[in-house]
Amino acid sequence: MTSPTPSNPAATTPRPVRVEGTCDPAFHAVEAAFRENFVARDESGAALCIRVGGRVVVDLWGGHRDIEGRQPWARDTLVNAYSVGKGLSAMLVLALVERGELDLDAPVEGLWPEYAARGKGDTTLRMLLAHRGGLPGVPETLPDDAIYDWTTMSGALAAAEPYWPPGQAHGYHVNTFGFLVGEPVRRAIGLDFARAFRDYVAEPHAADFYIGLPDALHGRVAPIAEGERSARQALDADARRELARQFFDARDDAQAEMLGAVYFNPAGLSGFGTVNHPAWRRASVPSTNGHGTARAVARLYDVFLRKDPDRGGFVGPGLRAEATAIASNGPDRVLGRPSRFGLGLQLSQPTRRVGVSDSGYGHFGYGGTLGFADPESEVTFGYLMNRPGQRWQTPRTNALVDALREAMGLSLIHI
C-alpha cells in the first residue's frame with residue numbers, strides 16, 4: 001500500500017534550522033552531527049564548543065532560544081547548564097585548596113562548627129567533593145523558598161542527620177553538593193559563592209558563566225523547554241515518596257524517602273517548575289542553576305587542563321592529578337547504578353563515557369548537557385541546550401562525542 005501524497009508537501013517538510021559559527025574542516029563530522037541533532041533528534045536550540053590544545057576548532061550555535069521557535073539562538077545566548085555547573089564549581093574549591101585557603105582532609109567543622117551535628121564531625125572536604133558525605137538530601141521538610149536562601153539551605157544541611165556514615169559509601173549529591181562544598185568556601189574567604197566564582201573562576205578567564213545570574217543578563221537566557229512540566233509545591237514527606245516512586249525506581253520505602261528528599265525537598269530544588277523563573281536565575285544554587293555558554297564551559301576546562309597557577313590556572317599538576325583520580329567508584333546509593341567520581345568531577349566508566357578516552361573527566365548535566373577535558377587528546381568540550389533529552393544516555397550528546405572521536409581518528413566504542 002502506498003501512502004497518499006500530502007496535499008501540502010511543504011507542511012510536512014521540516015523547516016531548515018539555522019546554524020552559525022565556525023568549524024575547522026577537519027571536524028566536519030562534528031558539525032554534521034550538530035546539524036543532524038536538529039533534524040532527527042529533537043534539538044530545539046543549542047551551542048557546542050570544542051578546543052584542541054587550547055585552539056578553538058568548533059564553535060557552533062543554532063536553533064531557537066525561545067520555546068515557541070521564533071527567536072534564533074545567538075552567539076551570546078545563555079542557558080541553564082544544570083549539573084555541568086558542578087564541575088566548574090569544583091574548580092573554585094580546588095583553586096582555593098591550591099592556594100592553601102582550604103584543606104581537603106581537615107574536618108569541615110573547623111570552618112563550619114555547626115556541621116559537626118548528628119555524627120558529621122569527621123566529614124572532610126574531600127568526602128564532600130567525592131559525594132561521600134551522606135547528605136544527598138535534607139530529610140526535614142523545607143519551605144518552598146528555601147532554594148533561594150543560602151543560609152537556610154546550609155543551615156538545614158548542618159543540622160541534618162546523614163543517610164549513611166560520612167566516608168563509608170558514596171551517592172550522587174544531586175542538589176546539595178554546591179551548598180556542602182560552597183559553605184566552606186564562604187567561611188574561608190569571606191565571599192558568597194556567587195561572588196567567589198565570579199572573582200576566582202569566570203572573570204579572570206573571560207568566561208561567560210554565572211552562579212547567580214545578574215538581572216541585567218536575564219534577557220539573554222534561553223528558557224528551558226518543558227521547564228514548567230513538573231512543578232510541585234509544598235510537598236510533605238509522603239508526597240515526596242510518591243513522586244520518587246513515580247520518577248525513579250525506588251526499591252523500598254527508605255529509598256523512596258531519600259530520593260524524595262534528594263530531588264524534591266524543597267519543591268523546585270531540581271529546577272522542576274522553577275528553572276525559567278527570575279528568582280531561580282538570580283539565586284546561588286551551584287549544583288543546578290549555573291547559566292552560561294558552551295564556549296565558557298570549554299574555555300574553563302581548557303584552563304583547568306593546561307594551565308598551572310603561575311600561568312593563571314586553577315591547580316598545579318599534583319592537585320590536578322589528585323582531583324582526577326578515582327575517589328568514589330561502584331554502586332551509587334542515590335543513582336542505583338555504578339558511578340565514578342574524582343573530586344567534584346565525574347570520571348569515565350564503562351557505562352558512561354566522559355571525554356574521548358578513558359582518561360576524560362568533567363560533568364554531565366540533566367538531559368545531556370556536558371563539559372569535559374580529555375588529557376590524552378588535549379580536548380575540551382562544552383555542549384548546552386534548552387530542550388533536555390534522556391537522562392542517562394542522550395542520543396544528541398552521544399552523536400556529538402562519537403563524531404568528535406571520528407574526526408580525531410579514534411575508534412568508536414558504543415556502550
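Each of Arg198, Arg295, Arg220 was scored for a salt bridge (charged side-chain N to carboxylate O under 4.0 Å, His left out) with Asp208, with one residue passing: Arg220.
In this structure, Asp24 contributes its side chain and Ala26 its backbone to a donor-acceptor pair below 3.5 Å. A donor-acceptor contact shorter than 3.5 Å links the side chain of Asn80 to the backbone of Thr288. The main-chain N or O of Val354 is found under 3.5 Å from a side-chain atom of Ser348 such that the two form a donor-acceptor pair.
Ring centroids of His131 and His173 are separated by less than 6.0 Å, placing the two rings close together.
You'll find the side chain of Met385 stays beyond 4.5 Å of the side chain of Asn37, heavy atoms only. Proximity of Lys307 to Phe314: side-chain heavy atoms (C-beta onward) are nowhere separated by under 4.5 Å. Between Tyr200 and Arg99 there is a side-chain heavy-atom pair separated by less than 4.5 Å. Between Glu31 and Leu48, the closest side-chain pair of non-hydrogen atoms is not below 4.5 Å.
Side-chain N/O atoms of Tyr172 and Ser83 include a donor and acceptor closer than 3.5 Å. Checked by atom type, the side-chain pair Thr293/Arg299 shows no donor-acceptor distance below 3.5 Å.
For Gln71, the CD atom is densely surrounded, since the number of other residues' heavy atoms within 6.0 Å is greater than 12. Counting non-hydrogen atoms of other residues, nucleotides and ligands closer than 6.0 Å to NE2 of His28 gives a total of 12 or fewer.
By the side-chain contact (heavy atoms from CB on, under 4.5 Å) test, Gln255 is found to be paired with Ala250, Arg251, Asp252, Met258, Leu259, residues two or more places apart in sequence or in another chain being considered. Under the ring-ring contact (aromatic ring centres under 6.0 Å, His included) criterion, Trp112 pairs with Tyr115, sequence neighbours left out. For Asp145, there are no salt bridge (charged side-chain N to carboxylate O under 4.0 Å, His left out) partners at least two apart in sequence or on another chain. Residues passing the salt bridge (charged side-chain N to carboxylate O under 4.0 Å, His left out) test with Asp215 are Arg282, sequence neighbours excluded.
Between Asp253 and Arg245 there is a salt bridge, since a side-chain N of the basic residue sits under 4.0 Å from a carboxylate O of the acidic one. A salt bridge between Arg387 and Asp42 is present, with a side-chain N of the basic residue lying under 4.0 Å from a carboxylate O of the acidic one.
The OG atom of Ser328 lies 11.0 Å from the CZ atom of Arg126; values are rounded to the nearest 0.5 Å.
Geometrically, Arg352 engages Phe364 in a cation-pi contact defined by less than 6.0 Å to the ring centre and at most 45° from the axis.
Among pairs with a residue in residues 31-61, those fulfilling ring pair (Phe, Tyr, Trp, His ring centres under 6.0 Å) read Phe34-Phe38, at least two apart in sequence or across chains. Residue pairs meeting the ring pair (Phe, Tyr, Trp, His ring centres under 6.0 Å) criterion with at least one partner in residues 287-309, sequence neighbours excluded, are Phe304-Tyr361.
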